Protein chains: 2
Amino acid sequence: MDRRQKKTRQAVYDAFTGLLKKKNYSVITIQEIIDKADIGRSTFYSHFETKDDLLKSLCTEVFEHIFSTELEKETTHDFSHDHGTEACVTHILYHLKEHMDFMAGILSGDGGDLFMGYFKVYLEKLFGHAVRDMSSGIPADYMLNHMVCDFAETVRWWTGHPEYTPDEISGFFFETTPIK
Amino acid sequence: MDRRQKKTRQAVYDAFTGLLKKKNYSVITIQEIIDKADIGRSTFYSHFETKDDLLKSLCTEVFEHIFSTELEKETTHDFSHDHGTEACVTHILYHLKEHMDFMAGILSGDGGDLFMGYFKVYLEKLFGHAVRDMSSGIPADYMLNHMVCDFAETVRWWTGHPEYTPDEISGFFFETTPIK
DNA sequence: ATCAAAACCGAACAAAGTGTTCAATATCTA
DNA sequence: TAGATATTGAACACTTTGTTCGGTTTTGAT
């Protein structure tokens, strides 16, 4: 990728996350972003379609990085046998901790729900296999949604209580979820 | 309340819920609402500050109606002893079913998260007492959030699978939540 | 070093939506 | 009926968005 593009994207990402620490997503203006990033208006629009698109791009970048390892394992081996859901979840939590700043910023205000939506797409892939053979009276559909939301909300809660370690959070999650 | 005001509010509510069946919350325009409600622009603004305020008012009206009974019981008697969390939840679910149309509309697109936010405020009041004396290693804070989100997401899932009865949904909820 | 391609700039523009104002009109309640 | 209150609708300023385009700078390959 062209060096200029990389620099521009990074400048936008930095400006955006910087603004997120001070104000809510919905009140952030594209004008503010390009002012802070110090780029031209048309440049922004040559990279991103809208503000939502920017958020989506940023989320995708973060999630691709975090989930790439775990999702590989999941497709090549048997997910729940290989190393267990618990180890996998803890691993994810350690990765997420590195992005705590961005997550806390976006999750503290509106726009957090957009983040949650993108997050859940990846979680569905991750938990998809673990739910297959639950021969209870509960729809697999419901079960998957339950796990995904449960974990996503745990992470949201975590951003408001960053004093806990990934292992502690993992503990909370598995003590309150029906799947081990 | 003045008969005119009542009529105006109802017309706006109807127009709004009607539009929600056809398009997402975020793309609905105030102009569309007042056109469909057949009221003047300034009239809308004398009733509601913004579109979000309208949604909030509508949610509040619905929730006040649904939760008033249960929240009364909760303050006067011992919540978990009197009739049990399970009966209470089922009761709420029966009430919610009456508003399935509105819920499905708002929850199917964006704006659903706003609904969820208002919903959770009431659920916190409802579940607040049930969480008090959980002497496990889990923060009561986390536990309450878990229950609230769990139930709210169950309801969201329900609006996408309205073929299930309130009792079935209640069953799903209590089989996957650590609190009985 | 050169040069064509690609990225960036930035001012100007149209379009859409927001929220306010105000004088005239209609409706309600007592 | 009369005074109070609610509604009307057009006009307005304002904000933000997304696009356009001619000119400038940077890049990467030869």
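Please read all numbers here as calculations on a predicted model, not as lab measurements. Throughout, a chain's letter reflects where its sequence line sits, starting with A, and its residues are numbered from 1.
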Quick one: [X] [atom1] to [N] [atom2], roughly how many Å, whole number?
| X | N | atom1 | atom2 | result |
| --- | --- | --- | --- | --- |
| A:Asp38 | C:dA7 | CG | C1' | 15 Å |
| B:His47 | C:dG19 | NE2 | P | 16 Å |
| B:Glu49 | C:dT20 | CD | C1' | 13 Å |
| A:Tyr45 | C:dA11 | OH | P | 16 Å |

For [X], does the [atom1] atom have more than 12 heavy-atom neighbours from other residues, nucleotides or ligands under 6.0 Å away?
| X | atom1 | answer |
| --- | --- | --- |
| B:Lys7 | NZ | no |
| B:His161 | NE2 | yes |
| B:Glu98 | CD | yes |
| B:Lys51 | NZ | yes |
| A:Lys36 | NZ | yes |

Q.
Roughly what angle, to 10°, lies between the helix axis at the start of the helix from C:dA1-D:dT30 to C:dA30-D:dT1 and the one at its end, five pairs per end?
A.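 Here the local axes at opposite ends form an angle of 40°.
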Q: Check for a donor-acceptor pair, side chain of A:Thr176 on one end and backbone N or O of A:Phe173 on the other, with a separation under 3.5 Å.
A: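 Flag set: sc A:Thr176 to bb A:Phe173 pair under 3.5 Å.
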Q.
Contact list please: residues 24-34 of chain A against DNA chain D, heavy atoms, distance less than 4.0 Å, in numerical order.
A.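 Correct list: A:Thr29, A:Ile30.
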**Q.** Reported NE2-to-CD1 distance for the pair A:His47 and A:Ile39, which is rounded to 0.5 angstrom
**A.**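 If I round to the nearest 0.5 Å, the distance is 7.0 Å.
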Q | Pairwise distance OH(A:Tyr94) to CD1(A:Ile66) - rounded to 0.5 angstrom | A |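 Rounded to the nearest 0.5 Å, the OH-CD1 separation comes out at 14.5 Å.
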Q. OP1 or OP2 of C:dC8 less than 4.0 angstrom from a side-chain nitrogen or oxygen of A:Thr8, does that happen here?
A.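 So the side chain of A:Thr8 is within the cut-off, an N or O lying under 4.0 Å from OP1 or OP2 of C:dC8.
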Q | Contact under 4.0 Å: A:Thr43 side-chain N or O vs C:dC9 OP1/OP2 | A |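 A:Thr43 to C:dC9 OP1/OP2: side-chain N or O found under 4.0 Å.
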Q | Set of residues satisfying side-chain contact (heavy atoms from CB on, under 4.5 Å) with respect to B:Thr165, sequence neighbours excluded | A |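 Checked B:Thr165 against side-chain contact (heavy atoms from CB on, under 4.5 Å); matches are B:Asp167, B:Glu168.
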Q) Taking protein heavy atoms under 4.0 Å as touching, what does nucleotides 25-30 of chain C look like 5' to 3' if B marks base contact, S marks sugar-phosphate-only contact and - marks none? A) -BBSS-
Q.
According to side chain to side chain donor-acceptor pair (under 3.5 Å), who are the partners of B:Asp110, at least two apart in sequence or on a separate chain?
A.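 Side chain to side chain donor-acceptor pair (under 3.5 Å) list for B:Asp110, sorted by chain: B:Ser26.
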Q: Return the nearest nucleotide to the side chain of A:Gln5; candidates are C:dA7, C:dT21, C:dC8.
A: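 From the listed options, C:dA7 comes nearest.
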Q) Could A:Lys125 and A:Tyr122 be counted as a cation-pi pair, given that NZ or CZ must be under 6.0 Å from the ring centre and within 45° of the axis? A)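 Satisfied, under 6.0 Å and within 45°.
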**Q.** Span of DNA chain D, from the first to the last nucleotide whose atoms fall under 4.0 Å of chain B heavy atoms
**A.**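 Span of nucleotides near chain B: D:dT5 to D:dG9.
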**Q.** Salt bridge flag under 4.0 Å for residues B:Lys120 and B:Asp113
**A.**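 No, B:Lys120 and B:Asp113 are not salt-bridged.
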Q) Are B:Phe172 and B:Tyr164 an aromatic pair by the rule of ring centers under 6.0 Å? A)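 Yes: the rings meet the under 6.0 Å criterion.
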